[in-house]
Number of protein chains: 2
Amino acid sequence: MHTKLSIIDTLKKHQLSVTDARKNILSLFSESGNALAHANIEKQSSAEFDRVTIYRTLQTFVEKGIIHTIPSSDNSVKYALCKDECAAGHHHDDHIHFICDFCGITYCLDQITVPKIKLPNGFKATQTDLIVSGTCNKCEQ
Amino acid sequence: MHTKLSIIDTLKKHQLSVTDARKNILSLFSESGNALAHANIEKQSSAEFDRVTIYRTLQTFVEKGIIHTIPSSDNSVKYALCKDECAAGHHHDDHIHFICDFCGITYCLDQITVPKIKLPNGFKATQTDLIVSGTCNKCEQ
DNA sequence: ACATCATTGCAACTTTGTTGCAAAATATTT
DNA sequence: AAATATTTTGCAACAAAGTTGCAATGATGT
Ligand SMILES: [Zn+2]
Ligand SMILES: [Zn+2]
Ligand SMILES: [Zn+2]
Ligand SMILES: [Zn+2]
């Protein structure tokens with residue numbers, strides 16, 4: 001069995017020193033539960049941390065396998081917490097993502113895995129992203 | 001049967017006035033055959049057109065169903081020509097996209113359609129994007 | 001508590017994207 | 001073919017997003 005790691009333990013597990021910025025930004029992800037864009041984080045902690053620190057923290061978290069990126073069509077990449085199996089250089093986020101056109105929330109649909117795609121000869125996949133957009137369960141009337 | 005429309009006919013078909021910028025940018029897409037980012041277009045025609053014109057032209061083309069957007073994880077949305085069926089407000093680009101990590105080319109794999117995804121209750125899809133990245137057939141050794 | 005090493009904030013800068021408006025180009029009418 | 005109406009373009013000015021170097025601060029292990 002498996003208990004959820006504390007913020008601090010998560011940082012330590014990935015060999016990161018424990019700083020205010022990292023604790024704070026990581027807890028934003030935990031509390032929100034959904035994906036966040038750089039701009040979201042900046043708004044929620046603007047007085048506390050420099051913009052540059054947020055950029056560098058997100059980059060570090062991606063490299064260490066703490067968060068993963070979610071592509072978008074509007075030049076605003078989002079980030080969401082990885083599952084425990086992800087590690088530096090080895091993400092295992094094979095779930096699909098859902099972006100609600102109304103409320104803007106981006107969900108990791110962990111239960112639904114990305115289907116295997118048969119590519120033309122000579123093409124080799126290292127990663128597959130599947131992003132669905134539409135109306136989420138909170139926004140449907 | 002079905003012959004390929006000329007640049008000018010394509011613009012007219014979508015009720016756009018025929019201008020140098022539009023002809024030029026549309027032919028960049030035709031000639032390249034693959035997807036282009038704003039930055040690519042700006043480099044290939046920087047002296048000729050203002051940056052603002054390129055932004056507005058791409059936006060117009062998307063609205064009119066001439067090109068479609070391809071999401072990305074690095075804040076650089078790409079654009080590629082639609083098939084003939086697309087029209088203003090009604091895109092029908094249900095193919096997957098492939099981004100090569102080596103040469104950077106983004107391909108529309110028109111033969112491969114995006115699979116239907118069964119979503120949790122209350123979620124309704126209006127669009128699905130599937131992006132594979134890896135090594136393309138030109139870059140494999 | 002000290003020394004070492006990593007992280008942060010700041011400043012300065014580059015790149016990317018947006019808006020209003022006058023000038024130029026295109027389309028439409030006469 | 002000229003005149004008019006409509007659209008598009010370039011420019012300027014700006015706002016937002018992202019990058020880099022470096023000194024100061026903070027974290028870690030002994
Ligand atoms: Zn919603
Ligand atoms: Zn996810
Ligand atoms: Zn390639
Ligand atoms: Zn495409």
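Every chain is numbered from 1, with letters handed out A, B, ... down the list of sequences.
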Visitor: In this structure, how many angstroms lie between the P atom of dT14(C) and the OH atom of Tyr55(A), rounded?
Guide: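 Going from OH in Tyr55(A) over to P in dT14(C) covers 17 Å.
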
Visitor: Just jot down the side chain to side chain contact (heavy atoms under 4.5 Å, CB included) partners of Thr113(B), sequence neighbours excluded, or say none.
Guide: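 With neighbours one apart ignored, the set is Asp94(B).
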
Visitor: Write down the distance between CG (Asp74(A)) and P (dA16(D)), rounded to a whole number of angstrom.
Guide: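 For the pair Asp74(A) CG and dA16(D) P, the rounded distance is 16 Å.
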
Visitor: Taking atom C1' of dT28(D) as reference, at what distance in whole Å does atom CD1 of Ile8(A) sit?
Guide: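 Going from CD1 in Ile8(A) over to C1' in dT28(D) covers 14 Å.
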
Visitor: What residues form a side chain to side chain contact (heavy atoms under 4.5 Å, CB included) with Val62(A), not counting sequence neighbours?
Guide: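 Listed in chain order: Ile67(A), Thr69(A), Tyr79(A), His91(A).
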
Visitor: Asn75(B) CG to dT19(D) C1': how many Å, rounded?
Guide: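 Whole-Å distance recorded here is 13 Å.
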
Visitor: Could you state the NZ-P distance from Lys23(B) to dT8(D), rounded to the nearest angstrom?
Guide: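 Those two atoms, NZ and P, are 15 Å apart.
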
Visitor: Over how many whole Å does the gap from Gln15(B) atom CD to dT8(D) atom P extend?
Guide: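 Rounded to whole Å, this separation is 12 Å.
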
Visitor: Quick one: Lys43(A) NZ to dA16(D) P, roughly how many Å, whole number?
Guide: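 From Lys43(A) NZ to dA16(D) P: 10 Å.
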
Visitor: If you assign each of Val18(B) and Thr60(A) to its closest nucleotide in DNA chain C, which residue comes earlier from the 5' end?
Guide: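 The residue closer to the strand's 5' end, by nearest nucleotide, is Thr60(A).
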
Visitor: Just by distance, do the side chain of Asn24(A) and the backbone of Ala21(A) share a donor-acceptor pair under 3.5 Å?
Guide: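 It does not hold such a pair.
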
Visitor: Given Arg22(B), which partner from the list Ile8(B), Thr60(B), Thr53(B), Ile66(B) fulfils the side-chain contact (heavy atoms from CB on, under 4.5 Å) test?
Guide: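 Of all the options given, the one that passes is Thr60(B).
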
Visitor: Please report the distance, rounded to the nearest Å, between CZ in Phe61(A) and C1' in dT8(C).
Guide: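 It works out to 14 Å between those atoms.
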
Visitor: Taking the hydrophobic residues Ile, Leu, Val, Met, Phe, Trp and Tyr, and joining any pair whose side-chain heavy atoms are under 4.5 Å apart, which ones share a cluster with Phe98(A)?
Guide: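 So far as hydrophobic clustering goes, Phe98(A) is joined with Ile96(A), Ile105(A), Tyr107(A), Leu109(A), Ile112(A), Val114(A), Ile117(A), Leu119(A), Phe123(A), Leu130(A), Val132(A), Ile96(B), Phe98(B), Ile105(B), Tyr107(B), Leu109(B), Ile112(B), Val114(B), Ile117(B), Leu119(B), Phe123(B), Leu130(B), Val132(B).
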
Visitor: Determine to 10° how strongly the helix from dA1(C)-dT30(D) to dT30(C)-dA1(D) is bent, judged from the axes of its five-pair ends.
Guide: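 For the helix from dA1(C)-dT30(D) to dT30(C)-dA1(D), the axes at either end differ by 40°.
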
Visitor: How does each nucleotide of nucleotides 9-14 of chain D score, in 5' to 3' order, for protein heavy atoms under 4.0 Å: base (B), sugar-phosphate only (S), or none (-)?
Guide: BBBB--

Visitor: Could you tell me which residues satisfy side chain to side chain contact (heavy atoms under 4.5 Å, CB included) with Ser45(B), sequence neighbours excluded, listed by chain and number?
Guide: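 Scan of Ser45(B) (side chain to side chain contact (heavy atoms under 4.5 Å, CB included), adjacent residues dropped) gives Ile41(B), Glu48(B), Phe49(B), Ile54(B).
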
Visitor: Would you say the side-chain atoms of His95(A) pair up with the backbone N or O of Cys108(A), donor to acceptor, closer than 3.5 Å?
Guide: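 No, because the side chain of His95(A) does not come within donor-acceptor range (under 3.5 Å) of the backbone of Cys108(A).
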
Visitor: Do Val52(B) and Phe61(B) land in one hydrophobic cluster if side-chain heavy atoms of ILVMFWY residues count as linked below 4.5 Å?
Guide: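 No; Phe61(B) is not reachable from Val52(B) via cluster members.
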
Visitor: For Asp9(A), is there any backbone N or O sitting under 3.5 Å from a side-chain donor or acceptor partner on Ser6(A)?
Guide: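 Between the backbone of Asp9(A) and the side chain of Ser6(A) there is a qualifying donor-acceptor contact (under 3.5 Å).
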
Visitor: Could you please name the option among dT18(C), dT7(D), dT28(D) that lies closest to any side-chain atom of Ser17(A)?
Guide: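 Between dT18(C), dT7(D), dT28(D), the one nearest the side chain of Ser17(A) would be dT28(D).
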
